[in-house]
Trainee: 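Sharing a structure below in C-alpha cells format, with a few things to ask.
Atom set for the values below is all heavy atoms of this structure, side chains included, hydrogens, waters and symmetry mates excluded. Residues take their numbers from the sequence shown, with the count starting at 1.
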Amino acid sequence: KEENIHLITPQKFSEALKQGLKGRKLDLVYFRACLMGNMEALYDLRGVVKFVLASEDVSYSKENSNIVMTQMFEDLTAKNTEPNEIAYQMAIQGHGKTGASDGYTTFAAFNMDKIDELKTAINQLALTLKNSLNTEKDEILSAYDAVSTIKGLQTPEKRTEHMRDLWRFTSELEKRVKSSAIKEVIQRVRTAQKNFTIHAKDSLGSSANGLSIFMPFRNSLTPENDIYKFLNANYKKRKFAVDSVWDEFILSLPATTQQK
C-alpha cells in the first residue's frame, strides 16, 4: 500500500518561519527529528531562532525524549525560565552520554546568535586548507580521512553518514598540520564552536561532539557518484554553501577509489 509522506526541508522550514514570524524570533526550537545537529541545517535557521536543541545522530523515540523532555519544556516555560537556561537544562536532560535508551546518542544545545561567528571561522578554515593543499596536502588529506562516521565507522553505510563531526575534524587537523598559520585558523574554529555550543554530551566517544558538517568521504567524490552529484546540484544552493567556500574546499580534494 502506497502512503503519502509529507516532508519539509530545513530551507523551507526556515522560510515558513520567517514568513510567519515577520521579523520576530522564536526563543527555542527542540528538534525531535534525526540528524538536525549539523552546520547546514542550523545555518538555515539564523535570524529566526535564538536557541536550538538537536542531535547530530539518529534520535530514538523513548520516554525521556518524547514525554519527559516535553513535560520539562512546559514546566520551565510556565516558570518564565529564560530561553538559554531552558536550552541548557534540556540539553542535560537529553542524556546524550547515556545513549539510545534515553533517546539520544549525542545531544546538544546551541546559541544561534553565535552561528555567524562560527560560519566565518569555518570559511577561513576552508580557504586556508584549500590554499595549503600544495604545501601540506598529505597532512590535510590524512586529517580529513581520519574522521569516521558519527557511529565510528570508516566506511559510510548510508548517505547521511557523509555528515561528520566538525570538532573531530579540527582535532585531527591540529595533530597533523605543521603550519602555525593553519593551526591559528583551526583554533578560531574551535573557539567559535565552543561559543556556539551551550552544552553537548554524547555516548559515541571522539567521533561525535555535538555538531556535524558535510564531509563526503573522498571515494564518493567522482562524477558518477550520487554524493558528488548532490554536492554539485543541491548542496551548492544551501545557504551555508552560498555564504562560505566549504563546498569549494571539498571539491578541491582529490578523489580516492578506496577510502583509507
Side-chain angles (χ1 to χ4, degrees), residues 31-43 52-60 62 64-65 91-92 94-110 118 121-122 125-126 129 138-177 182-183 186-187 189-221 227 230-231 235 240 246 249-250 253 256 258-260:
F31 278 115
R32 280 294 294 113
C34 302
L35 307 164
M36 293 301 290
N38 63 79
M39 189 63 192
E40 291 81 0
L42 296 176
Y43 192 76
V52 172
L53 291 153
S55 173
E56 62 179 325
D57 191 19
V58 173
S59 60
Y60 299 87
K62 300 293 183 179
N64 181 60
S65 54
I92 294 173
H95 293 169
K97 202 166 185 177
T98 303
S101 62
D102 272 348
Y104 300 103
T105 59
T106 172
F107 194 65
F110 302 103
L118 180 55
I122 293 173
L125 177 65
L129 295 179
D138 290 344
E139 291 80 5
I140 293 169
L141 296 181
S142 175
Y144 189 91
D145 293 342
V147 183
S148 66
T149 69
I150 301 298
K151 297 289 192 186
L153 304 175
Q154 290 301 323
T155 302
E157 296 177 344
K158 304 173 184 176
R159 291 183 62 177
T160 54
E161 290 180 334
H162 289 273
M163 304 297 297
R164 293 189 271 173
D165 189 79
L166 176 61
W167 189 266
R168 174 71 185 275
F169 180 44
T170 54
S171 176
E172 295 295 342
L173 280 170
E174 194 171 42
K175 288 189 291 186
R176 289 169 169 79
V177 297
I182 300 176
K183 286 181 179 291
I186 292 168
Q187 281 306 312
V189 175
R190 291 170 77 81
T191 298
Q193 186 173 348
K194 285 180 182 178
N195 293 339
F196 179 55
T197 306
I198 297 170
H199 183 82
K201 287 292 181 182
D202 71 89
S203 59
L204 300 172
S206 62
S207 61
N209 298 275
L211 181 69
S212 63
I213 194 168
F214 185 52
M215 285 181 60
F217 284 79
R218 288 198 295 128
N219 61 352
S220 67
L221 297 179
I227 294 295
F230 166 78
L231 172 60
Y235 184 81
F240 177 70
W246 185 252
F249 162 62
I250 293 170
L253 301 175
T256 59
Q258 184 175 0
Q259 190 66 33
K260 294 180 181 179

Trainee: Assess whether side-chain contact (heavy atoms from CB on, under 4.5 Å) is satisfied between F217 and I227, documenting all intermediate values.
Mentor: CA-CA 9 Å; F217 284 79; I227 294 295; over 6 Å; no
Trainee: Should the heavy atoms of other residues, nucleotides or ligands under 6.0 Å from NZ of K175 be counted, would the total exceed 12?
Mentor: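 Atom NZ in K175 is crowded, with more than 12 foreign heavy atoms closer than 6.0 Å.
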Trainee: State whether the side chain of K183 and the backbone N or O of E174 hold a donor-acceptor pair below 3.5 Å, judged by distance alone.
Mentor: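 Yes; at least one donor-acceptor contact below 3.5 Å.
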Trainee: Please name the pair of heavy atoms, one in T106 and one in S55, separated by the smallest distance, quoted to 0.1 Å.
Mentor: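 Residues T106 and S55, closest heavy atoms: O-OG, 2.7 Å.
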Trainee: Roughly how far apart are I122 CD1 and I213 CD1, rounded to 0.5 Å?
Mentor: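 Rounded to the nearest 0.5 Å, the CD1-CD1 separation comes out at 4.0 Å.
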Trainee: Nearest 0.5 Å, please: how far is CE in M215 from CE in M163?
Mentor: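 Separation between the atoms: 10.5 Å.
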Trainee: Counting distance only, does the side-chain N/O of N64 pair as donor-acceptor with the main-chain N or O of G103 below 3.5 Å?
Mentor: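 Judged by distance alone, no pair lies under 3.5 Å.
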Trainee: So which heavy atom on A126 is nearest to which on W246, and how close?
Mentor: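 Where A126 meets W246 most closely, the heavy atoms are CB-CE3, 3.9 Å.
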Trainee: Using side-chain contact (heavy atoms from CB on, under 4.5 Å), reason through L221 and L231 one step at a time and then give a plain yes or no.
Mentor: CA-CA 9 Å; L221 297 179; L231 172 60; 4.2 Å; yes
Trainee: How close do S212 and E40 get, counting heavy atoms only, and between which atoms?
Mentor: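 For S212 and E40, the tightest heavy-atom pair comes out as O-OE1, 4.4 Å.
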Trainee: Indicate the atoms forming the closest heavy-atom contact of S148 with R168, along with that distance.
Mentor: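 Between these two residues, the closest heavy atoms are OG-NH1, 3.7 Å.
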Trainee: For S207 and I150, indicate whether the former's side chain and the latter's backbone hold a donor-acceptor pair under 3.5 Å.
Mentor: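 Yes; judged by distance alone, with no hydrogens or angles, the pair exists.
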Trainee: Let me confirm one number: the CG-CZ distance from L42 to F110, rounded to the nearest 0.5 Å.
Mentor: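 The CZ atom of F110 is 5.5 Å from CG of L42, to the nearest 0.5 Å.
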Trainee: Would you say S203's side chain and T98's backbone share a donor-acceptor pair under 3.5 angstrom?
Mentor: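 Looks like no, no N/O pair under 3.5 Å.
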Trainee: Testing the basics here: between A121 and A192, what is the closest heavy-atom pair and its distance to 0.1 Å?
Mentor: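 Looking at all heavy atoms of both residues, the shortest contact is CB-CB, 4.1 Å.
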Trainee: Less than 4.0 Å between a side-chain N and a carboxylate O, is that true for D57 and K151?
Mentor: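 Between D57 and K151 there is a salt bridge, with a charged N closer than 4.0 Å to a carboxylate O.
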Trainee: With the side chain counted from C-beta on, respond yes when P156 and R164 share a heavy-atom pair under 4.5 Å apart, and no when they do not.
Mentor: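 No, side chains not in contact.
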Trainee: Please answer whether the main-chain N or O of Y60 pairs with a side-chain N or O of S65 as donor and acceptor at a distance below 3.5 Å.
Mentor: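 Pair found, side chain donor or acceptor close to backbone of Y60.
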Trainee: Any side-chain to backbone donor/acceptor pair from E172 onto S142? Under 3.5 Å, distance only.
Mentor: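 No, E172 side chain to S142 backbone: no donor-acceptor pair under 3.5 Å.
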Trainee: After noting the C-alpha distance and the side-chain angles of F230 and H162, does the key distance pass the side-chain contact (heavy atoms from CB on, under 4.5 Å) rule?
Mentor: CA-CA 12 Å; F230 166 78; H162 289 273; over 6 Å; no
Trainee: Would you check if D202 and T105 make a side-chain contact, meaning some heavy-atom pair closer than 4.5 Å?
Mentor: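 No; the side chains remain at least 4.5 Å from each other.
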Trainee: Work out which heavy atom in V147 is nearest to a heavy atom in A143; give both atom names and the distance.
Mentor: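 So the minimum-distance heavy-atom pair works out to CG2-O, 3.4 Å.
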Trainee: Please check if the side chain of E56 supplies one atom and the backbone of N38 the other of a donor-acceptor pair under 3.5 Å.
Mentor: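 A pair under 3.5 Å: no.
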Trainee: Evaluate side-chain contact (heavy atoms from CB on, under 4.5 Å) for L173 paired with L129, printing each intermediate quantity in order.
Mentor: CA-CA 10 Å; L173 280 170; L129 295 179; 3.9 Å; yes
Trainee: When rounded to the nearest 0.5 angstrom, what distance separates OG in S171 from CZ in R190?
Mentor: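 The OG atom of S171 sits 5.0 Å away from the CZ atom of R190.
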Trainee: Look at the rings of Y144 and F169 and say which category their plane angle falls in: under 30° parallel, 30 to 60° tilted, over 60° perpendicular.
Mentor: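 Perpendicular.
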Trainee: Would you confirm whether H95, through its side chain, and Y104, through its main-chain N or O, come within 3.5 Å as a donor-acceptor pair?
Mentor: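 Such a contact is absent between H95 side chain and Y104 backbone.
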Trainee: Is the shortest side-chain heavy-atom distance between M39 and L166 below 4.5 Å?
Mentor: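 With C-beta onward as the side chain, the pair stays apart.
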Trainee: Using only atom types and a distance under 3.5 Å, with no angle test, would you say the side chain of S59 pairs donor to acceptor with the backbone of R32?
Mentor: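 At least one qualifying donor-acceptor pair exists.
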Trainee: Mind checking whether F214 and Y235 have parallel, tilted or perpendicular rings, split at 30° and 60°?
Mentor: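 Aromatic pair F214/Y235 classed tilted.
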Trainee: Got a second to check how far E139's CD is from I182's CD1, nearest 0.5 Å?
Mentor: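 So the gap between those two atoms works out to 8.5 Å.
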Trainee: Around atom NZ of K194, are there more than 12 heavy atoms of other residues, nucleotides or ligands at under 6.0 Å?
Mentor: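 Not more than 12 within 6.0 Å, no.
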Trainee: To the nearest 0.5 Å, what is the distance between CG (L118) and CZ (F196)?
Mentor: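 These two atoms lie 6.5 Å from each other.
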